[in-house]
Amino acid sequence: MGARFRDAGSVRPGYWFRPKRFGFGAVPVTWQGWAATMAFVALAGLLANLVTHRDRIWLVLFVPLVAAYLWLVAVKTDGGWGFRWGEDA
C-alpha cells in the first residue's frame, strides 16, 4: 500500500499533472504544475480586483485565461483526462 502512495505523485518526464484518482480532472505533481496553478490563481485574483463585475470586459479577459489554463493542464497531464473511479487511475 505504501508503494501506491509513493508512486501517486510521479509522472513521466515532460508532464506536470496526473489524473485524479476519483472523478474528472488533474492535480499538479511537479513544481512546474504548482507554479502554473499559482500563476493562474494570482492572475484570476488580480483580474477580479481590477475589473468591476458590472463591466462585461471581465468576461473578455477571464474566459481566455481559464481556457488557456485548462488547455495547459490537458496537454501536460500524464495519462490524459477522463472520468476515473479508483484503482484504474
Value for OG1 (T30) from OH (Y15), rounded to nearest 0.5 Å, stands at 12.5 Å
W71, W16: one ILVMFWY side-chain cluster at the under-4.5 Å cut-off? yes
Report yes or no: do V75 and W31 belong to one cluster of Ile/Leu/Val/Met/Phe/Trp/Tyr joined by side chain heavy-atom distances under 4.5 Å? no
[X] to [Y] - nearest heavy-atom pair and separation:
X   : Y   : result
K20 : V27 : CG-CG1, 3.8 Å
P28 : G33 : CB-C, 3.6 Å
T77 : R18 : CG2-C, 4.1 Å

Considering only residues two or more places apart or on different chains, which pairs with a residue in residues 39-51 satisfy side-chain hydrogen bond (donor to acceptor under 3.5 Å, both in side chains)? none
Tell me the salt bridge (charged side-chain N to carboxylate O under 4.0 Å, His left out) pairs involving [range], sequence neighbours left out?
range          : answer
residues 59-83 : R12-D78
residues 28-37 : none
residues 25-41 : none

If the condition is side-chain hydrogen bond (donor to acceptor under 3.5 Å, both in side chains), which residues does Y69 pass it with, not counting sequence neighbours? T37
Under 4.5 Å side-chain heavy-atom separation, chaining through any Ile, Leu, Val, Met, Phe, Trp or Tyr, what else clusters with M38? Say none if it is isolated. W34
